[in-house]
Amino acid sequence: MKKTGELYAGKAKTVYTTDDPALLVLEFRNDTSAFDGEKMEQLERKGQVNNQFNAFIMKALQQAGIATHFVDQLSTNESLVRNLDMIPVECVVRNRAAGSLVRRLGIEEGKELVPAIFEFFLKNDALHDPMINDSHIATFGWASEQEVAAMKALTLQVNDVLTQLFADGGMVLVDYKLEFGRFNGDIVLGDEFSPDGCRLWDARTGEKMDKDRFRQNLGNVIESYEEVGRRIGIEFQS
Ligand code: ADP
Ligand code: UDP
């Protein structure tokens with residue numbers, strides 16, 4: 001397998017084509033962005049930490065029977081993935097109130113949400129990723145009814161697996177974002193799962209261990225990502 005060209009450079013990852021049209025290489029960069037790209041910084045080791053974190057989580061999800069795009073980790077900061085036809089929506093699950101839910105509905109941060117809340121957002125930075133629902137997705141043809149049902153079911157299945165995995169490491173999985181795509185007619189989990197796209201709090205102290213450390217200038221961003229990884233059993237290579 002050989003990289004053949006750059007397909008797309010996103011805010012945090014670069015996507016490369018390979019000599020196999022069904023496979024892509026994802027390169028995780030140190031670039032870190034928040035507020036739809038308004039705040040941008042380079043954080044040393046972030047690319048390699050998130051690549052190895054994502055590889056660990058994708059393997060755990062695959063073991064739990066959830067289809068993902070992940071094929072293999074190629075290097076400290078690159079992974080081989082299936083080439084998905086990405087669906088332009090973000091699937092968010094919330095177990096505790098935080099972030100935009102608090103701002104939108106005035107709910108107290110940290111409130112337990114039972115049952116967990118599921119939300120769709122349109123993946124569009126220029127429009128600041130607006131919240132959408134099944135009806136928008138159907139009318140604008142972003143995904144079929146069956147695909148919407150599959151994305152919801154898979155996102156909630158991921159919640160069962162990861163809530164337990166992080167709880168075992170003494171952390172609360174507050175919320176997270178997933179992206180899905182189509183591969184041979186199936187809905188498959190794509191993109192990444194890392195502390196860049198979720199909220200994790202220390203179960204005892206409530207300390208924030210995720211990208212909110214970057215958003216809120218709390219410091220020790222990557223050190224916290226590494227601590228989360230170590231607690232769930234990742235041995236990071238550099
Ligand atoms: P963004 O596009 O939000 O700036 P990234 O920097 O993470 O995000 O870029 C990665 C891009 O690759 C995203 O647009 C994502 O939807 C896309 N992507 C992730 N996984 C796959 C995949 N398996 N196949 C095709 N595209 C993918
Ligand atoms: N999230 C993400 N990418 C986005 C928007 C949200 O990874 O473009 C994640 C975010 O890190 C959090 C969850 O999705 O874990 C819910 O985000 P929220 O709607 O609260 O938005 P925020 O306040 O984080 O912008």
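Read the numbers this way: they start at 1 and go in the same order the structure lists the ligands and their atoms. Just so it is clear, the model here is predicted, and its values are computed rather than measured.
- In the vicinity of R94, heavy-atom distances shorter than 4.0 Å reach the ligand 2 atoms 16 (C), 18 (P), 19 (O), 20 (O).
- A salt bridge links K13 with D191; the closest basic N to acidic carboxylate O contact falls under 4.0 Å.
- Ranking the protein heavy atoms by distance from atom 10 (C) of ligand 2 puts R215 NH2, 3.6 Å first.
- S79 and Q73 share no donor-acceptor pair across their side chains, judged by distance under 3.5 Å alone.
- Residues T205 and E207 bring no donor and acceptor atom of their side chains to less than 3.5 Å of each other.
- Close approach of ligand 2 to C198 (heavy-atom distance below 4.0 Å) involves ligand atoms 11 (O), 15 (O).
- Salt-bridge formation is not detected for the pair R231/D168: no Lys NZ or Arg NE/NH1/NH2 atom is positioned less than 4.0 Å from an Asp or Glu carboxylate oxygen.
- Under the 4.0 Å criterion applied to side-chain N and carboxylate O atoms, K3 and E27 are not assigned as salt-bridge partners.
- Residue, atom and distance of the protein heavy atom nearest to atom 20 (O) of ligand 2 are S100 N, 2.8 Å.
- Protein heavy atom at the shortest distance from atom 22 (P) of ligand 2 is R199 NH2, 3.6 Å.
- The shortest non-hydrogen separation linking S194 to N50 is OG-ND2, 3.4 Å.
- Using cut-offs of 30° and 60° for the angle between ring planes, the F120 and F118 rings count as perpendicular.
- F70 approaches D72 most closely through the heavy-atom pair CZ-C, 3.5 Å.
- The closest protein non-hydrogen atom to atom 4 (C) of ligand 2 is E90 OE1, 3.4 Å.
- The ligand atoms of ligand 2 that sit less than 4.0 angstrom from a heavy atom of G99 are 20 (O), 23 (O).
- Distance from atom 13 (C) of ligand 2 to its nearest protein heavy atom, with residue and atom name: D175 OD1, 3.6 Å.
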Distances for all N or O pairs of ligand 1 and the protein under 3.5 Å?
| residue | atom | partner | partner atom | Å |
| --- | --- | --- | --- | --- |
| ligand 1 | 2 (O) | Y8 | OH | 2.8 |
| ligand 1 | 3 (O) | K11 | NZ | 3.1 |
| ligand 1 | 3 (O) | K123 | NZ | 2.7 |
| ligand 1 | 4 (O) | K11 | N | 2.7 |
| ligand 1 | 4 (O) | K11 | NZ | 3.0 |
| ligand 1 | 6 (O) | K11 | N | 2.8 |
| ligand 1 | 6 (O) | A12 | N | 2.7 |
| ligand 1 | 6 (O) | K13 | N | 2.8 |
| ligand 1 | 7 (O) | K13 | NZ | 2.5 |
| ligand 1 | 16 (O) | E179 | OE1 | 2.9 |
| ligand 1 | 20 (N) | D191 | N | 3.1 |
| ligand 1 | 23 (N) | H69 | ND1 | 2.8 |
| ligand 1 | 23 (N) | R82 | O | 2.8 |
| ligand 1 | 24 (N) | L84 | N | 3.0 |

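- Scanning the protein heavy atoms around atom 2 (C) of ligand 2, the nearest turns out to be K177 CE, 3.5 Å.
- Between the D134 side chain and the I137 main chain, no donor and acceptor come within less than 3.5 Å of each other.
- Side-chain N/O atoms of E78 and N51 include no donor and acceptor closer than 3.5 Å.
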### Message
Could you go through R182 and E147, starting from their C-alpha distance and side-chain angles, then the distance that decides it, and tell me whether this counts as salt bridge (charged side-chain N to carboxylate O under 4.0 Å, His left out)?
### Response
CA-CA 9 Å; R182 306 175 182 94; E147 288 172 336; 2.7 Å; yes

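- Neither the backbone nor the side chain of K211 comes within 4.0 Å of ligand 2, counting heavy atoms alone.
- The protein non-hydrogen atom at the shortest distance from atom 25 (O) of ligand 2 is R103 NH2, 3.9 Å.
- In this model, no donor atom of one side chain and acceptor atom of the other lie less than 3.5 Å apart for N54 and K59.
- In this structure, atom 8 (O) of ligand 2 lies nearest to the protein heavy atom D129 OD2, 2.9 Å.
- Between E119 and ligand 2 there is no heavy-atom distance shorter than 4.0 Å.
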